[in-house]
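Computed from a predicted structure; not experimentally measured. Proteins get letters first, then strands, A, B, ... in listed order; numbering begins at 1 in each.
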Amino acid sequence: MFNMFRLVQNENMKIYKRLGTWIMIGLILMIVIFAGGITKYLLAENVNLNWEEQVQIENAQLLEQIEEYENMPMVGSSAIQPLKEDVMINNYRLENDIPPVENETLWGFMLSSPDFTALASVFVIVISAGIVATEFSTGTIKLLLIRPVKRSKILISKYIATLIFAIIMLLTIFVSSLIVGSMLFGFDGINLPYLVYSGGEVIERNMLVQIITFYGLNSIDMIMMVTFAFMISSVFRSSSLAIGLSLFLMFTGQQLVMVLSDYNWAKYILFANTNLYQYVAGTPIIEGMTLAFSIIILSVYFFLFILISWFTFNKRDVAA
Amino acid sequence: MQKQPIIQIKNLKKQIGKTTIIHGISLDLYPGEVFGFLGPNGAGKTTTIRMMVGLMNITEGEVLINGYSVEKNFEKAIAYVGGIIENPEMYKYLTGYDNLIHYSRMIPKIKIERIEEIVKLVGLEKRIHEKVKTYSLGMRQRLGLAQALLHSPSVLILDEPTNGLDPAGIREIRTYIRKLAVEENITVFVSSHLLSEMQLMCDRIGIIHHGKLISVETVKNMLEDNQHLSVNFTVSPLKEALSYVKKTNPKIKAEIIDHRLIIYTSEDQITTFAKLFVNNGFSLTGIHGEQKSLEEKFIQITGGDLHV
Ligand SMILES: Nc1ncnc2c1ncn2[C@@H]1O[C@H](COP(=O)(O)OP(=O)(O)OP(=O)(O)O)[C@@H](O)[C@H]1O
Ligand SMILES: [Mg+2]
């Protein structure tokens, strides 16, 4: 175990002594600050209505739409259900005097901050794609592997270092959003709960817990793509291929599933399952999918990726 | 050499796809010797070395280091080995010192003082805290040596360590290798395609060609061996003379080049052959002896059929 700690230390040294890594972290910070500024100074809505009136207008629109949908035979109940839930949540707000979270508040900003993880994913993929492949392309792999350490331990240390980098990226977003949000928007509405519809009723959830859950859901997607990049990097020993392929799939995977969503087997595609939001809010991309199903599919892919990386890294000749 | 071998290579073979690159090499190396692994480009030096250090899978045969199989007991076996495979590729964006820290973390129970010690040993004190990308090739080579020696190995495996170095650099490496072998009893296995260079630093030289180890000799023997004399006899009839020589001396190497009979033999045998021809009715009109250099012998063995 001590040994593993030192190996991870090595991998960390190789990540954080590179300028590029710090540029990535800097870019994340800049994006968060930039987004905060935009929200505060450009998107601020001057509405004269109070929140009760707004919620009532929204409800009226929702009900109208529900009625419209109900008259269209093609639209299934799965499309109508979320609208009904929104109406119920809005009613709950009016009854219990809980205003919705505005964008220009700390919580509003924090609720939108998990979106930045897409950018962080790109950066973590870049690191993941390079962590094995660059050892091959620069030839350093030869000196790395002639040490009294098993190849699999070296591979594990690289994977752990990649995950640590992913966590650092997520923390950077979370902490900087918290700081930027509280500096720009203050602490108005800090006691507001997050309302969700669950099991036929509206329940109040702690806002912070909810935000952290969103980060968690997003990081599943990130980890799958990062592990995929890691595998491509170990199999093909090329970081550009690993970056290219992973980013391409990350950005087109969902669309691919969309196109294929008429086929039932499409639910076994990785990208049909990476977005776990679909079970928290909204409807599954393919009818009949459940959270448990997605978790099983994700685990299968995950172990497959890890197994392939492990096998090729351990067994293949190093001819770099 | 009654000592126990530190490295045993037993019938080592490598096949990639359908081609066999290494055809069964067997070799024992002993503590404190400098062994030169000599062969022209593409002979299979790097491939053999990669199998010795576990970078490539062994198709057949085995490599034992201090009794441990590189294949089955990798961690134990490799702990005795330090090496540079082809170029000393280091992390260029790290300092020399960070590179050494990096490798030291992969060795159990190493003291931090050892790093200072080794830096001094290879004479990099002044530049060790600078990034490797600012180093000259010679400095990189020295840093390469430093990482290879960090854990005080019993065996040092170097693949063409003098590649690209200037004469002073080559000489420095050479002196250094000798010093390690003599003072620290380290076995050095060094590959090269230049015999002249090997001759100066090695105790024994093995010649590899087309993936086969075709000769292993001590440098001392090679230098003393006057089998390398090629004697030209102008004798007739030529063909009959050749078959006569071969009949009477089945072990001798003889051939006809430019209407002359060439016999590879030693000085003291010249008269014997002259007498043989004269006494058996051949006409002998000239004898000319020529000492072959080791380099010529090497080229004769390997260079003649490079295109095969
Ligand atoms: N991965 C590989 N796949 C197929 N053939 C290979 C591979 N690696 C090496 N070879 C072949 O094996 C032979 C030996 O190559 P090797 O690199 O071991 O030679 P070498 O003696 O080190 O040569 P050099 O002096 O040029 O470094 C060459 O003919 C080479 O083409
Ligand atoms: Mg070579």
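- For B/Thr95, no part sits under 4.5 Å from any heavy atom of chain A, backbone or side chain.
- Between B/Tyr91 and B/Tyr93, the angle of the ring planes goes over 60°, which puts this pair in the perpendicular group of the 30/60° scheme.
- Of the atoms belonging to A/Arg316, it is backbone heavy atoms, and not side-chain ones, that fall under 4.5 Å from chain B.
- Only the side chain of B/Lys14 comes within less than 4.5 Å of a heavy atom of chain A; its backbone N, CA, C and O stay farther away.
- No side-chain heavy atom of B/Glu89 sits less than 4.5 Å from a side-chain heavy atom of A/Ile141.
- The aromatic rings of A/Phe136 and A/Phe313 sit perpendicular to each other, their planes meeting at more than 60°, with 30° as the lower class boundary.
- Interface check for chain A: of the options B/Asn57, B/Val53, B/Ile85, the most heavy-atom pairs under 4.5 Å are formed by B/Asn57.
- Highest contact tally toward chain A, considering only B/Thr46, B/Leu55, B/Ile78, B/Val81, is held by B/Leu55 [criterion: heavy-atom pairs under 4.5 Å].
- Nearest heavy-atom pair, A/Thr274 versus A/Gln254, reported as atom, atom and distance to 0.1 Å: OG1-NE2, 3.4 Å.
- Proximity to chain B is limited to the backbone of A/Thr138, based on heavy atoms less than 4.5 angstrom apart.
- Only the side chain of B/Phe74 comes within less than 4.5 Å of a heavy atom in chain A; its backbone stays farther off.
- With B/Tyr135 as the aromatic partner, B/Arg140 does not meet the cation-pi criteria of under 6.0 angstrom to the ring centre and within 45 degrees of the ring axis.
- Taking the ring centroids of A/Phe230 and A/Tyr159, they lie under the 6.0 Å cut-off.
- The part of A/Ile154 that comes within reach of chain B is its side chain, from C-beta onward, which places non-hydrogen atoms under 4.5 angstrom from that chain.
- Proximity to chain B (any heavy atom under 4.5 Å) is shown, for A/Lys14, by both the backbone and the side chain.
- A/Ser176 places a side-chain N or O within 3.5 Å of a backbone atom of A/Thr172 that can act as its donor or acceptor partner.
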